[in-house]
J.: 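My questions all concern the structure below.
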Amino acid sequence: MQSMGGIKHGEPYLLNEIVENGYTMDGLSVRINGRLLQHDFQNCRAVLADPKTGCSLKVNTSLIEPLEEAGSLFQLIGELSHSGGETVLNARLVRCIDGMDLVLYKKALELQRQYFQDRPKVL
């Protein structure tokens, strides 16, 4: 699905899904949640991690600077790229989600996926 401007919406994924399957997701527009572990504003690089699984993902932050300090929960939308054996999220949108219940978010995402899988296909 694309907006009128040609920019794809970010499909919701869990961070561990991207870490496990990143090499097959090159170019995909995604929406992920995670805790900001590291941020190098001079080089526009960050590391986002899932507090529950410990999975982490490198993030190119050149389009979303200035980014807040490490430690907060963020939701990022951007495109995935895979090169040199690693997956990087090229973030284009960010919002702080401190206080979000990530367990409940995961459950809601699973229910949404089940709903879309089970509903009748429209011609």
J.: Please determine whether a side-chain nitrogen of the Lys or Arg among R31 and E11 lies less than 4.0 Å from a carboxylate oxygen of the Asp or Glu.
T.: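 Answer for the salt bridge query: no.
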J.: Taking all heavy atoms of R92 and all of L63, pick out the closest pair and write down the distance.
T.: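 Closest heavy-atom pair between R92 and L63: CB-CD1, 4.1 Å.
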J.: Measure the shortest side-chain to side-chain distance between L57 and T87 over non-hydrogen atoms and say whether it is less than 4.5 angstrom.
T.: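 Yes; the side chains approach each other to less than 4.5 Å.
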J.: Test V47 against V59 for side-chain contact (heavy atoms from CB on, under 4.5 Å), laying out the working first.
T.: CA-CA 6 Å; V47 176; V59 180; over 6 Å; no
J.: Measure from NZ or CZ of R113 to the centre of the six-membered ring of Y13 and say whether it is under 6.0 Å with the direction within 45° of the ring axis.
T.: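 Geometry flag: set, cation within 6.0 Å and 45°.
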J.: Are L102 and L76 in one and the same hydrophobic cluster, where Ile, Leu, Val, Met, Phe, Trp and Tyr link if side-chain heavy atoms are under 4.5 Å apart?
T.: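 No, it is not one cluster - the side chains of L102 and L76 are not joined through contacts under 4.5 Å.
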J.: side-chain contact (heavy atoms from CB on, under 4.5 Å) between K8 and L28: does it pass, once the steps are laid out?
T.: CA-CA 9 Å; K8 296 178 183 179; L28 189 65; over 6 Å; no
J.: Taking the side chain as everything from C-beta on, heavy atoms only, tell me whether L37 gets closer than 4.5 Å to L48.
T.: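 Answer no - side chains too far apart.
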J.: Decide if atom OH of Y115 counts as having more than 12 heavy atoms of other residues, nucleotides or ligands within a radius under 6.0 Å.
T.: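 For Y115, atom OH is not crowded (no more than 12 foreign heavy atoms under 6.0 Å).
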J.: Can any side-chain N or O of D50 pair as donor or acceptor with the backbone N or O of C55 at less than 3.5 Å?
T.: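 The answer is no, because no donor-acceptor pair under 3.5 Å joins these two groups.
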J.: Mark yes or no for whether R35, through its side chain, and G71, through its backbone, hold a donor-acceptor pair below 3.5 Å.
T.: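 Yes: the side chain of R35 pairs with the backbone of G71.
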J.: Would R45 and S62 satisfy side chain to side chain donor-acceptor pair (under 3.5 Å), going step by step from the backbone distance to the final call?
T.: CA-CA 8 Å; R45 293 285 179 200; S62 60; over 6 Å; no
J.: Could you walk me through whether E79 and N90 pass side chain to side chain donor-acceptor pair (under 3.5 Å), step by step?
T.: CA-CA 5 Å; E79 286 64 46; N90 298 299; over 6 Å; no
J.: Under 3.5 Å, side chain of E20 to main-chain N/O of E17, donor-acceptor pair present?
T.: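 Side chain of E20 to backbone of E17, a donor-acceptor pair under 3.5 Å: no, none is there.
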J.: In Å and rounded to the nearest 0.5 Å, what is the CE to CG distance from M25 to L80?
T.: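 Taking CE in M25 and CG in L80, the distance rounds to 5.5 Å.
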J.: Compare all side-chain heavy atoms of E65 with those of F41 and state whether any distance is below 4.5 angstrom.
T.: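 Touching, per the 4.5 Å side-chain cut-off.
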J.: Is there a side-chain contact between N33 and Y105 in this structure, where contact means two heavy atoms from C-beta onward sitting under 4.5 Å apart?
T.: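 Result yes, sub-4.5 Å side-chain heavy-atom pair found.
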J.: Which value, rounded to the nearest 0.5 Å, describes the distance between D40 atom CG and T61 atom OG1?
T.: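 D40 CG to T61 OG1: 8.0 Å, rounded to 0.5 Å.
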J.: Indicate yes or no for a side-chain donor-acceptor contact from D26 to the backbone of H82 under 3.5 Å, with no hydrogens or angles considered.
T.: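 Checking the backbone N and O of H82 against the side chain of D26, a donor-acceptor pair under 3.5 Å is found.
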J.: Determine whether I32 and I18 make a side-chain contact, defined as any pair of heavy atoms from C-beta on separated by less than 4.5 Å.
T.: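 With C-beta onward as the side chain, the pair touches.
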J.: Does any part of the side chain of L109, heavy atoms only, come nearer than 4.5 Å to the side chain of L14, both counted from C-beta?
T.: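 Yes. Closest side-chain heavy atoms under 4.5 Å.
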J.: Measure the CZ-CG distance between F116 and L111 for me, rounded to the nearest 0.5 Å.
T.: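 Rounded to the nearest 0.5 Å, the CZ-CG separation comes out at 12.0 Å.
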J.: For a 4.5 angstrom cut-off between non-hydrogen side-chain atoms, does L89 reach S81?
T.: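 Heavy-atom side-chain distance check fails, nothing below 4.5 Å.
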J.: Is there a donor-acceptor contact under 3.5 Å from the side chain of D101 to the main chain of L104?
T.: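 Checking the backbone N and O of L104 against the side chain of D101, a donor-acceptor pair under 3.5 Å is found.
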J.: So which heavy atom on S72 is nearest to which on C96, and how close?
T.: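 Looking at all heavy atoms of both residues, the shortest contact is CB-SG, 4.2 Å.
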J.: Could you tell me the separation between the NE2 atom of H9 and the CD1 atom of I7, rounded to the nearest 0.5 Å?
T.: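 Reported value, rounded in 0.5 Å steps: 13.0 Å.
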J.: Are V30 and I77 side-chain neighbours, meaning at least one heavy-atom pair lies under 4.5 Å?
T.: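 V30 does not reach I77 side chain to side chain.
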